[in-house]
Each structure stands twice: as structure tokens, then as C-alpha cells.
J.: 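One structure is given below, represented as C-alpha cells, and several questions about it will come after.
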Amino acid sequence: MISKFFENANPTSRIIKIKAKDRSVWENVPEAMRKEIIAKSDAICKEPWEDLPLSLYQEFSKNGNRSNFQAKYFKKRKNLTTLVTAECIEYKGRFIRQIANGMWSLISEPAWVIPAHNSYIRDTKQLESPLIERPILDLFACETGEILSLSLSLLEDELRRTVGDIFIQDVKYEIRRRILKPYLTEHFWWMGDNNLNNWSVWCTQNVLLSLSCLDLSEDESKKVVKTATETIDQWLEQYGDDGCCDEGALYWHAAGLCLWGSIELLDRMCNGKASEIFNEEKIKNIGHYIINVLVDDDIYLNFADCSPKAGRLGAREYLFGKAINDQDLIDKAVSDYKKNYDEKYIKKTATPEPEDENYNLWYRVLEIIYAKEILGLKTKALANKNSFTAFPSVGLYIYRRKDITFAIKAGNNDDSHNHNDVGSVILYKKTHPLLIDVGVETYSKTTFSPERYTLWPMQSFYHNISNFGPFMQEAGEKYKATDVEVAENSISMELKDAYNKEAHVESYKRTAKIFDDKIEIIDSVKCAIKPTLSIMTMNRPQKSDKGLSFGSWRIDLISEDAISRDDIDIEEISISDERLRRAWPDKLYRTRVRYSNKLIWDIIA
């Protein structure tokens with residue numbers, strides 16, 4: 001799709017034109033942002049650059065813990081990007097020595113691949129330690145290269161004056177050895193394979209950035225462009241024309257948004273080829289997806305591993321919106337950027353960021369150099385969202401009525417970052433979650449292993465769907481919804497194929513009807529095993545004569561056999577996992593309702 005636009009290009013690798021010495025750019029940084037970044041860098045200068053010992057690396061293979069290694073790994077990278085931006089802003093040379101120390105620390109690491117990604121074949125057991133002679137290009141090896149390369153692109157002359165030319169040569173050598181050589185000589189799964197995901201464009205974007213400090217030969221540059229465009233094309237071929245990200249809104253920032261980054265960088269390499277690409281309907285749909293799944297503020301409809309708190313938009317989203325001429329995306333990005341700026345730099349009320357967020361140097365630079373432009377724009381409310389949005393490529397259907405947002409997932413149980421959740425629903429009233437999808441806990445060795453579905457958030461037992469005794473939905477493409485019939489006020493689907501044959505589900509038809517004052521869901525079942533409906537909520541339920549009461553809203557339960565209080569079990573789930581606690585309180589609730597043959601549940605909010 002995009003390769004044709006770059007077929008006759010004469011690429012250059014030097015795609016980052018801005019330098020720290022370009023003072024007209026950096027002197028326009030808003031004062032509150034300037035002070036905060038410099039203050040943080042002053043504090044970082046008092047900290048050591050920690051080593052990452054083998055014992056820490058091997059924790060993942062020994063006990064499945066990836067968090068301890070990654071916390072230190074990402075902290076180093078985040079500290080370095082902060083120091084680089086501070087030096088660019090202040091430009092007094094105060095941080096150069098520490099920047100060099102940070103870069104030295106990174107090139108002194110035996111490998112940049114994290115333990116959880118340390119394998120050469122997709123979905124195989126990770127090696128206990130990295131094979132140094134054969135570097136692996138995973139997400140964060142590529143981003144480490146990006147950080148080092150942009151540090152040089154911005155501050156090469158200043159670093160050379162302070163620590164010498166050999167240091168510059170050493171950094172470039174490591175980027176060539178660890179990024180360029182494997183990129184041109186190896187074939188990693190994300191470069192082109194079945195079931196591609198966000199890795200394809202995320203890695204491609206950061207490989208292009210990693211090479212921006214190098215003087216590539218004409219042959220090398222052409223090979224890089226060819227490899228990058230072929231990867232993107234294969235990724236796009238597997239992406240639905242409707243633009244839906246099957247990994248969810250959180251991962252769109254690493255998927256659709258990195259598509260923009262990759263094309264933008266290729267455009268720079270090839271001296272202007274991208275404008276026509278951004279006019280393609282599919283690219284526009286990919287950009288607008290994030291608006292379509294928005295509930296409000298930083299809350300998004302979440303399926304799979306996605307969290308409902310999928311993050312606010314910023315400078316990259318603003319630039320993507322400009323590229324595809326999407327005013328809604330522009331307006332949302334401007335509004336979110338201003339909220340973030342106010343909380344972070346003015347009120348100083350922002351929640352502290354995890355170490356594994358906001359460490360990418362290119363992203364940080366864009367946030368800084370576009371600050372004045374974005375802050376100078378008027379904040380506009382989004383136009384009314386569509387009352388009905390369909391994403392047939394994934395089977396996601398969204399209905400909006402007044403202050404109600406309702407989503408239902410058809411599709412199959414073979415999404416990237418999949419949960420077994422075919423037929424499950426999510427419901428919000430304004431920004432308040434009524435029926436929820438929990439998301440995923442902090443990643444561990446189990447998360448991406450054959451034991452993935454032993455984790456409770458992945459199971460259909462913990463989604464808003466019926467199960468049958470010990471039988472829940474199974475993972476895989478064949479476990480799917482069929483006979484999906486969609487209208488602007490209703491949807492129905494057959495769900496029997498989502499379950500193992502051992503459950504002997506003859507039929508499980510789910511119908512949802514959307515009214516202005518309620519959502520009606522009808523579950524009709526033919527099965528020898530009595531079905532049990534799971535209802536996941538943030539609000540604590542109370543049993544009532546009609547069904548369930550949640551204070552300001554309720555669920556009326558109607559069945560051929562009257563539902564008694566004894567048919568309802570309410571389970572309190574304690575939430576202590578750090579990742580889940582970013583989105584949820586310390587307690588969630590699963591209500592299980594046993595019924596026969598047919599259950600109507602009316603949600604009145």
C-alpha cells in the first residue's frame with residue numbers, strides 16, 4: 001500500500017534536522033515546562049547510573065517476574081531523555097557530562113532486549129540470558145537505539161567537545177552493531193509474518209529513528225526503506241479497512257500512532273512522499289479509531305489487554321490529526337495536551353508516571369517543541385459522537401444514547417492480546433463505568449505463555465457473558481460469534497461456537513436492544529448444563545426483588561423460571577495489582593446469576 005510511494009526515492013538517513021544549538025526552537029518552550037524539566041534533571045544528576053546485573057535479568061526465567069528488571073531498565077532511559085531535553089532547553093552545558101554517562105551506561109549493557117522478549121522465534125521459551133553476538137530487535141532494543149541516536153542528533157557537537165570523538169564513534173558503532181546490522185540481515189517475526197501486531201510499526205518507527213545519527217551508504221538507505229515499507233504494507237494488509245485496533249485503545253498509541261510516526265519518518269528520509277498516503281481512507285480510519293472508542297477524557301472502551309484508562313492524547317496525535325485532516329482528532333489532542341500541561345506543570349497535581357512511560361526521546365521532543373503552538377490553539381468540544389459505530393473487522397459495535405455508551409464484541413477469541421470475551425459488553429453512563437472489562441494485570445511470564453488463560457482477567461468467567469458449569473470460552477480463531485445481525489438500535493449473535501464442544505452448547509443467542517432509557521439484553525440458551533451469567537461491576541450490587549440494585553442504577557432480571565435471591569451469588573474481588581489499580585478501586589464485583597433457557601436483563605441507569 002505504501003511501498004509504491006517510495007519506489008524511486010533517493011533516501012537519506014539524517015532525518016532529525018533540529019539541533020540543541022537551534023536556539024529559536026528551544027527558547028520558545030513555555031516557562032513552567034522549562035523549569036520543571038530542568039528541576040527534574042538537577043535531581044537526576046545526584047543519582048547513579050545503576051547496573052543491570054545478570055541475576056536481575058534472570059529473575060524472569062526463574063520466577064516469572066519481569067517488573068524488577070524493567071523498573072531499573074526504563075528508569076535509566078527515562079532519566080537520560082529528561083537530561084537531554086533539559087540541556088536542549090537550558091543549553092549551558094551543565095548536563096552534558098551526565099548525558100554522556102547515561103549513554104555510556106546504555107552502551108555498556110550487554111544487550112538491550114528485555115528478558116521477556118529474549119527469544120529468536122515468536123512464542124517460544126525465552127533464553128535465560130542474551131546471546132550478545134546476535135542482538136535481538138524487540139520493542140525496547142529499538143527504543144534504546146532511538147534514545148541514543150536522538151541524543152547524538154541533538155547534541156553531537158556538544159558531546160564531542162566534552163567527552164571526545166571516540167565516544168561518539170563508540171555510540172554509533174553500537175547502534176550499527178545492535179540495530180542496523182540485525183535489521184538488514186535478520187528476519188524478526190514482526191518484520192513480516194502472520195498475525196502481526198503493534199510491534200511491526202512500533203519497531204519500524206524506532207529503527208528509523210535509531211539510524212538517524214548514522215551516515216548510511218546509498219545501498220544501506222535503500223535497503224532500510226525497502227524493509228520498512230514492506231513491513232508496514234504487510235501490517236496494513238492484516239489491519240481492517242475500518243481502522244479498528246483489535247488490541248484496544250491503549251495499544252493504538254503503539255500501533256496506529258506509530259504508523260503515523262513511521263510514515264512521517266520515511267517521508268523525511270525520501271524528501272516528501274507521504275501526503276498522498278495520508279489521504280488514503282484506511283489511514284484516515286486508523287487515525288479516527290481513537291475518537292470512535294472514546295468515552296470521555298482519558299476513558300476508552302476497552303477489550304483485550306487494554307485498560308479503560310488508555311491515556312490522554314498529545315503532540316503526536318495532534319500531528320497525526322493534521323496529517324489526515326481530522327479535526328476531531330486535532331481538537332481532542334489539543335484539549336488533552338492542555339489538561340496534561342495544566343496538571344503537570346501548573347497545578348502539579350498529575351499522578352506520577354510509571355517508569356515505563358514517557359521515556360521515548362522523540363516523543364518528549366515533540367511534546368516540547370510543539371507546546372507553544374498547541375497551547376496557543378482554542379480548545380474545542382468534540383462534535384456529537386456517532387449514535388452507532390461498527391467495526392466489522394474485529395466485531396466491535398458501539399451504541400450511544402444521550403449520556404450512555406454501550407459496546408458489544410462479536411468477532412472471535414484470537415485477537416492480539418486476546419481475552420476470551422466473545423459476546424461480552426461494556427456500559428458507561430457519562431464517565432461512570434456500569435458494566436466493565438477489567439483489563440490485564442501487570443505483565444509476568446505467564447501473561448504471554450501457554451498458561452495465559454489460567455489468569456482470571458483473561459477468562460470468560462470474568463466477563464459479562466454466560467458460562468456453563470466448568471466450561472468457559474476457549475481461545476482461538478474458531479471460537480467465535482456467528483450469525484451476527486446488526487442494526488442501529490440492536491444486535492444479535494450466536495455464541496455457541498465460542499465454547500468447547502464438551503460443554504454441549506446447542507445454541508446461545510445473545511440479543512441487545514438499545515433504547516433511550518435502558519439497555520435490554522436477552523440471553524437464549526439450549527444446553528444440558530444450566531447457564532450462569534457473570535456480571536462484572538465496579539459498584540457493589542445489592543440483591544433486590546427485581547434483580548440487582550447498584551444505588552443510582554439497577555439491573556432487572558426476568559426469566560421463564562423466576563430468579564430468586566438464591567440464584568444470585570455476589571463475589572468481592574480484591575484488586576491489589578499495580579496496573580489494575582491505575583484504573584480501578586481496591587474492590588470489584590462479580591455477580592453470578594443462574595438461570596434456565598432464557599434470561600432478560602434490563603439495565604436501567
Side-chain angles (χ1 to χ4, degrees), residues 240-246 248-249 281-282 285 288-296 300-304 328 382-413 415 421-430 433-437 460 463-466 473 479-498 505 507-526 531 533 535 553 555-559 597-605:
D241 289 341
D242 54 28
C244 188
C245 180
D246 71 344
E281 191 65 23
K282 186 170 185 175
N285 289 342
H288 198 72
Y289 160 84
I290 199 68
I291 300 300
N292 282 325
V293 295
L294 172 68
V295 177
D296 198 12
Y300 291 82
L301 296 166
N302 67 302
F303 290 92
D328 285 340
L382 285 180
N384 291 331
K385 303 185 189 80
N386 295 332
S387 61
F388 172 65
T389 303
F391 290 114
S393 70
V394 172
L396 175 61
Y397 300 92
I398 303 166
Y399 298 83
R400 292 182 171 89
R401 300 292 183 273
K402 296 180 180 177
D403 54 3
I404 291 292
T405 303
F406 174 77
I408 184 167
K409 181 182 178 293
N412 61 42
N413 284 332
D415 296 320
D421 59 358
V422 170
S424 190
V425 299
I426 295 172
L427 179 64
Y428 278 83
K429 183 172 185 179
K430 295 184 178 178
L434 306 185
L435 302 176
I436 68 171
D437 187 301
S460 60
H463 288 81
N464 298 303
I465 199 71
S466 293
Q473 293 187 6
Y479 298 101
K480 61 186 178 181
T482 60
D483 302 326
V484 181
E485 297 182 7
V486 181
E488 293 196 1
N489 295 304
S490 65
I491 183 171
S492 66
M493 62 191 74
E494 175 58 60
L495 300 173
K496 66 182 177 69
D497 289 345
V505 181
S507 178
Y508 175 11
K509 185 175 182 179
R510 167 162 281 189
T511 301
K513 299 179 180 179
I514 297 85
F515 301 94
D516 286 343
D517 58 348
K518 70 174 183 179
I519 306 292
E520 181 178 270
I521 299 177
I522 305 167
D523 287 338
S524 301
V525 173
K526 290 181 182 179
L533 172 67
I535 301 174
W553 62 286
I555 298 177
D556 292 346
L557 300 169
I558 306 163
S559 180
N597 302 325
K598 186 176 181 179
L599 176 68
I600 300 173
W601 41 309
D602 288 344
I603 307 142
I604 302 164

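Remember, it's a predicted structure, so these values are computed and weren't measured experimentally.
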J.: Checking side-chain contact (heavy atoms from CB on, under 4.5 Å) between R510 and each of I491, V422, I522, V425, which is the one that passes?
T.: V425
J.: With the threshold set at 4.0 Å, does a side-chain nitrogen-carboxylate oxygen contact exist between K409 and D415?
T.: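 A salt bridge is present here (some side-chain N lies under 4.0 Å from a carboxylate O).
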J.: One pair to check against side chain to side chain contact (heavy atoms under 4.5 Å, CB included): I521 and I408. What are the steps and the verdict?
T.: CA-CA 11 Å; I521 299 177; I408 184 167; over 6 Å; no
J.: For the residue pair D421 and N413, what are the closest heavy atoms and their distance?
T.: N-OD1, 3.1 Å
J.: So, does N302 use its side chain to make a donor-acceptor pair with the main chain of D437 at under 3.5 Å?
T.: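 The answer is yes, because a donor-acceptor pair under 3.5 Å joins these two groups.
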J.: Identify the two heavy atoms, one from H463 and one from S424, that lie closest to each other, and give their separation to 0.1 Å.
T.: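 In terms of heavy atoms, the two residues are closest at CB-OG, 3.5 Å.
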J.: In Å, rounded to the nearest 0.5 Å, how long is the span from CG of D497 to CG of D483?
T.: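 Answer for the CG-CG pair, D497 versus D483, is 8.5 Å.
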J.: What closest approach, in Å, do D602 and I558 show between heavy atoms, and which atom pair accounts for it?
T.: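 Where D602 meets I558 most closely, the heavy atoms are OD2-CD1, 4.1 Å.
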J.: Report the distance from atom NZ of K513 to atom OG of S490, rounding to the nearest 0.5 Å.
T.: 7.5 Å
J.: Taking the side chain as everything from C-beta on, heavy atoms only, tell me whether I514 gets closer than 4.5 Å to I519.
T.: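 Yes. Closest side-chain heavy atoms under 4.5 Å.
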J.: Determine, stepwise, if the pair I465 / L495 fulfils side chain to side chain contact (heavy atoms under 4.5 Å, CB included).
T.: CA-CA 10 Å; I465 199 71; L495 300 173; 3.7 Å; yes
J.: Which heavy-atom pair separates N464 from I436 by the least distance, and what is that distance?
T.: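 In terms of heavy atoms, the two residues are closest at ND2-O, 3.1 Å.
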J.: Tell me whether the rings of Y399 and F406 are parallel (<30°), tilted (30 to 60°) or perpendicular (>60°).
T.: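 Geometry flag for F406 against Y399: tilted rings.
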J.: With no hydrogens and no angle check, is any side-chain donor or acceptor of N285 less than 3.5 Å from a backbone partner on D241?
T.: yes
J.: Without swapping roles, check the side chain of E520 against the backbone of A512 for a donor-acceptor pair under 3.5 Å.
T.: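 No, E520 side chain to A512 backbone: no donor-acceptor pair under 3.5 Å.
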J.: Compare every heavy atom of P392 with every heavy atom of Y397, then report the nearest pair and how far apart it is.
T.: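 That closest heavy-atom pairing would be OH-CA, 3.7 Å.
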J.: For the residue pair M493 and A481, what are the closest heavy atoms and their distance?
T.: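 Closest heavy-atom pair between M493 and A481: SD-CB, 4.1 Å.
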